[in-house]
Amino acid sequence: MRTPLIAGNWKMNTTTTEARVLASDLRGPLDSIEGVETVVCPPFVSLATVADALRRSSVKVGAQNMHYEAKGAFTGEIAPAMLADLCEYVILGHSERRHIFLEDDALVNKKVAAALSAGLKPILAVGERLEERNAGDTEQVITRQVRAGLAGIAADEALIIAYEPVWAIGTGIAASPEAAGETIGLVRRLVAELYGDEFAQALRILYGGSVTPDNIAELRAQREVDGGLVGGASLKATDFVSIVRQSAPAAG
Ligand code: 13P
């Protein structure tokens, strides 16, 4: 059975002081929940602070992005090895990176490769936009993003994938549990084509997009949904803890 994973993407929120408080508020309650892996992804500047606040806690730390080069003249960028010193996970290909900062599949692919070589666990995010969904292109878009994102990458147990339909992010309109389950099933079949059934069955695939304490239980009730990548609701300790608690195997 796959261990569920709930990751909080704090996006461009929290000062370092606020990040320390949020991490400290999460620590006790999350440590008392068994059977769910939890990750928080604060802004780069708070990674060290949050890692410190969560030292010897079960809650893991992740970054929200990174550059693929090891070092050099890339003003404003952060290299894989810099993150590997501070955290375990890194979100790559988030839709906000793809659509606001124009990251394409080829760039995301380089980042996935670089993260794995640096010993980081990449959370590769994929998802279709509203117009693509309305045009009936969801399957085609997800297929392209998964195949291109993983092109040339060897099977690696550190990999995690998150399906985040762009139209569900920050809108309060989550995908229906059935639709989330169906598309995640597609992602798993695509991964099976690349790496075989055994790998695909062990891979955690998360759903993201307006996950809340009110909808996590029905999302998790879908066999394919192994957890959540949570934005807005991860900024409120009580909401995030509730989402994690409801994701524990015993709760399902
Ligand atoms: P919301 O949970 O705010 O919709 O954000 C989802 C997301 O983008 C997580 O990466």
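For the numbers below, each heavy atom of this structure counts, side chains included, while hydrogens, waters and symmetry mates do not. First listed ligand is number 1; within each ligand, the first listed atom is number 1. Computed from a predicted model, the values in this text were never measured in an experiment.
Near E164, the atoms of ligand 1 lying under 4.0 angstrom from a non-hydrogen atom of the residue are 6 (C), 7 (C), 8 (O), 9 (C), 10 (O).
Between S210 and ligand 1, an N or O atom pair is found at a separation short of 3.5 Å. Of the polar atoms of I169, none of the N or O atoms is found under 3.5 Å from an N or O of ligand 1, judged by distance alone. Checked by distance only, ligand 1 and G231 come closer than 3.5 Å through their nitrogen or oxygen atoms.
By the 4.5 Å heavy-atom criterion applied to side chains, K11 and H94 are counted as neighbours. Side-chain contact between E128 and E139 is absent, with no heavy-atom pair separated by less than 4.5 Å.
Look at R147 and D105 and you find no salt bridge, because none of the NZ, NE, NH1 or NH2 atoms lies under 4.0 Å from a carboxylate O.
With sequence neighbours left out, E18 forms a salt bridge (charged side-chain N to carboxylate O under 4.0 Å, His left out) with no residue at all. Remark: D31 engages S57, S58 in a side chain to side chain donor-acceptor pair (under 3.5 Å) (not counting sequence neighbours).
The heavy atom nearest to atom 3 (O) of ligand 1, out of those in A233, A174, G232, is found in G232.
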Evaluate K121 against D156 for salt bridge (Lys or Arg N to Asp or Glu O under 4.0 Å), listing each step before the verdict. CA-CA 9 Å; K121 296 176 177 164; D156 194 317; over 6 Å; no
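Within the 4.0 Å heavy-atom shell around ligand 1 one finds A168. Ligand 1 is approached by G170 to a heavy-atom distance shorter than 4.0 Å.
From the protein, the heavy atom lying nearest to atom 5 (O) of ligand 1 is K11 NZ, 3.2 Å.
Using a 4.0 Å cut-off between heavy atoms, N9 contacts ligand 1 through its side chain alone, with no backbone atom that close.
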